[in-house]
Amino acid sequence: MAQHSKILIVGSGPAGYTAAIYAARANLEPTLVAGSQPGGQLMITTEVENFPGFPKGILGPELMDLFRVQAERFGTRFVDGTVTSLDLSRRPFRAIVDGKDELTGDALILSTGATAKWIGIPREKELSGYGVSACATCDGFFFKGKEVAVVGGGDTAMEEATFLTKFATRVTVIHRRDSLRASKIMQEKAKRNPRISFIWNSVVTDIHGGREEGVTGLRLRNTVSGEEADFPCQGLFVAIGHEPNSQLLRGLLDLDEKGYVKTVPGSTRTSVPGVFACGDLQDPTYRQAITAAGSGCMAAIDAERALEH
């Protein structure tokens, strides 16, 4: 028999947990399916210093644990597992967890997040949070007075590089080609910045350093000549984009060209009545814990109002 809830939340992280807190406080007895990485991207983040209420900072996993405890306190039921299929064709909505367990909900909140695209070299995940990052806005402050590298050639890379000049003494953009794919205005802004330099036709093949000392340098390979050389720096920012975790939703909801769930402006409503999306799954712009949490609150309120009607 399927286990039924008034509100079913798929995905955790700041968005899902906040949606659960608000839904539970409204006596809607939500069920939250945590997903393959309970807590989301903050579970692989070290120090979080920009979340309000923690003036001395807090570790990402610790912050997510607090979110979960708070959601549990008000009666959220947690299911550890991953939703492997969804049926949005009728109500109650139906979700299958790990290919076997069936859950249903009168309203559905999706908060499966997005995943940063990585280069794919052996040590980049190992040193994530120890000098390697995919978010300059999150981690740039930790690189005051240091020299860092940014990998990428699009608008994201130019935005990250320009932002990092507020802290780093030198920012070097490493790009696999001899020209950028970023918009002209973003290219010009970066090229005019005296703290930004470029290494063309190059890819990162290895990262030097460790968790104790952090990043100490990179190994680069020239894509034209094949020659390799070491490049000293104290940080690596991977800026080749994010991918929303929306594979399960293709054909079920309206998505944009990059796979982000489309929501009605000013709300979290999707193309299917009764289904709501929050967090990085529908936000290609901000991608911050605080904005994800805010949209989780919106989703719970939107769902509550929909159920009342």
Side-chain angles (χ1 to χ4, degrees), residues 2-3 5 7-21 23 30-46 48 59-69 71-72 76-88 93-105 108-120 122 124-129 132-135 138 238 240-253 255 258-261 270 275-284 287-289 292-293 295-296 299:
Q3 296 186 37
S5 303
I7 291 185
L8 179 60
I9 302 170
V10 178
S12 49
Y17 286 152
T18 302
I21 291 168
T31 295
L32 185 149
V33 185
S36 59
Q37 187 179 25
Q41 293 186 70
L42 283 186
M43 297 302 289
I44 57 171
T45 302
T46 50
V48 177
L59 295 176
E62 184 182 357
L63 180 60
M64 288 301 90
D65 284 344
L66 292 173
F67 270 53
R68 177 163 177 151
V69 168
E72 285 178 321
T76 300
R77 185 170 73 91
F78 283 87
V79 174
D80 291 321
T82 302
V83 171
T84 49
S85 69
L86 282 170
D87 181 359
L88 309 184
F93 301 116
R94 178 172 171 267
I96 302 298
V97 179
D98 294 331
K100 56 180 190 240
D101 299 321
E102 183 176 348
L103 303 174
T104 60
L108 178 66
I109 294 177
L110 301 168
S111 56
T112 53
T115 303
K117 295 179 182 177
W118 294 97
I119 304 169
E124 93 189 307
K125 293 273 182 81
E126 174 193 337
L127 294 176
S128 176
V132 176
S133 173
C135 180
C138 311
V238 180
I240 55 178
H242 286 71
E243 183 177 3
N245 299 323
S246 60
Q247 297 83 354
L248 192 65
L249 306 174
R250 297 187 186 280
L252 302 179
L253 294 173
L255 310 178
K258 293 184 179 178
Y260 289 90
V261 174
T270 70
V275 178
F276 307 88
C278 55
D280 290 4
L281 177 65
Q282 54 85 50
D283 173 21
R287 298 195 304 266
Q288 299 297 303
S295 69

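When a residue number appears, it is its place in the shown sequence, counting from 1. All figures in this text were calculated on a predicted structure; none of them were measured in a lab.
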Verify, without hydrogens or angle tests, whether Thr76 (side chain) and Ala71 (backbone) share a donor-acceptor contact under 3.5 angstrom. yes
Quick check for you: to the nearest 0.5 Å, what is the distance between Arg287 atom CZ and Cys135 atom SG? 7.5 Å
With distance as the sole criterion, is a donor-acceptor pair present between the side chains of Ser295 and Asp283 under 3.5 Å? no
Might you point out which heavy atoms bring Glu124 and Val132 nearest each other, and give the distance in Å? O-CG1, 3.8 Å
Between Ala116 and Gln41, what is the shortest heavy-atom contact and its length? N-OE1, 4.1 Å
If I compare all heavy atoms of Thr84 with all of Val97, which pair ends up nearest, and what's the gap? OG1-C, 4.3 Å
Leu108 and side-chain contact (heavy atoms from CB on, under 4.5 Å): which single residue from Val275, Leu103, Thr270 fits? Val275
Restricting to non-hydrogen atoms, name the atom on Ala95 and the atom on Leu86 that form the minimum distance, rounded to 0.1 Å. CB-CD2, 3.6 Å
Check step by step if side chain to side chain contact (heavy atoms under 4.5 Å, CB included) holds for Val79 and Thr31. CA-CA 7 Å; Val79 174; Thr31 295; 3.8 Å; yes
Shortest non-hydrogen contact from Ala293 toward Phe67: CB-CE2, 4.4 Å
Tell me, with the steps shown, if Val48 and Leu42 meet side chain to side chain contact (heavy atoms under 4.5 Å, CB included). CA-CA 9 Å; Val48 177; Leu42 283 186; 4.1 Å; yes
Decide side chain to side chain contact (heavy atoms under 4.5 Å, CB included) for Thr104 and Gln3; before the verdict, give the C-alpha distance in whole Å, the side-chain angles of both, and the deciding distance to 0.1 Å. CA-CA 6 Å; Thr104 60; Gln3 296 186 37; over 6 Å; no
Just do the side chain to side chain contact (heavy atoms under 4.5 Å, CB included) check on Cys278 and Ile109 with the steps written out, would you? CA-CA 7 Å; Cys278 55; Ile109 294 177; 3.8 Å; yes
Whether Ser12 side chain and Gly39 backbone form a donor-acceptor pair below 3.5 Å: yes
Between CG of Leu253 and CG of Leu110, what distance do you get to the nearest 0.5 Å? 6.5 Å
Where do Leu281 and Ser246 come nearest, in terms of heavy atoms and distance? CD1-CB, 3.9 Å
Straight-line distance of Leu249 CG to Thr112 OG1, nearest 0.5 Å: 6.0 Å
Taking only Lys NZ, Arg NE, NH1 and NH2, and the carboxylate oxygens of Asp or Glu, determine whether Asp80 and Arg68 approach each other closer than 4.0 Å. yes
For the side chain of Asp98 and the backbone of Thr82, is there at least one donor-acceptor N/O pair under 3.5 Å apart? yes
The reported gap from CG in Asp280 to OH in Tyr260 (rounded to nearest 0.5 angstrom) is 7.0 Å
Would you confirm whether Asp87, through its side chain, and Arg94, through its main-chain N or O, come within 3.5 Å as a donor-acceptor pair? no
Straight-line distance of Tyr17 OH to Ser111 OG, nearest 0.5 Å: 9.5 Å
Rounded to the nearest 0.5 Å, how far does CE of Met64 lie from CE of Met43? 8.5 Å
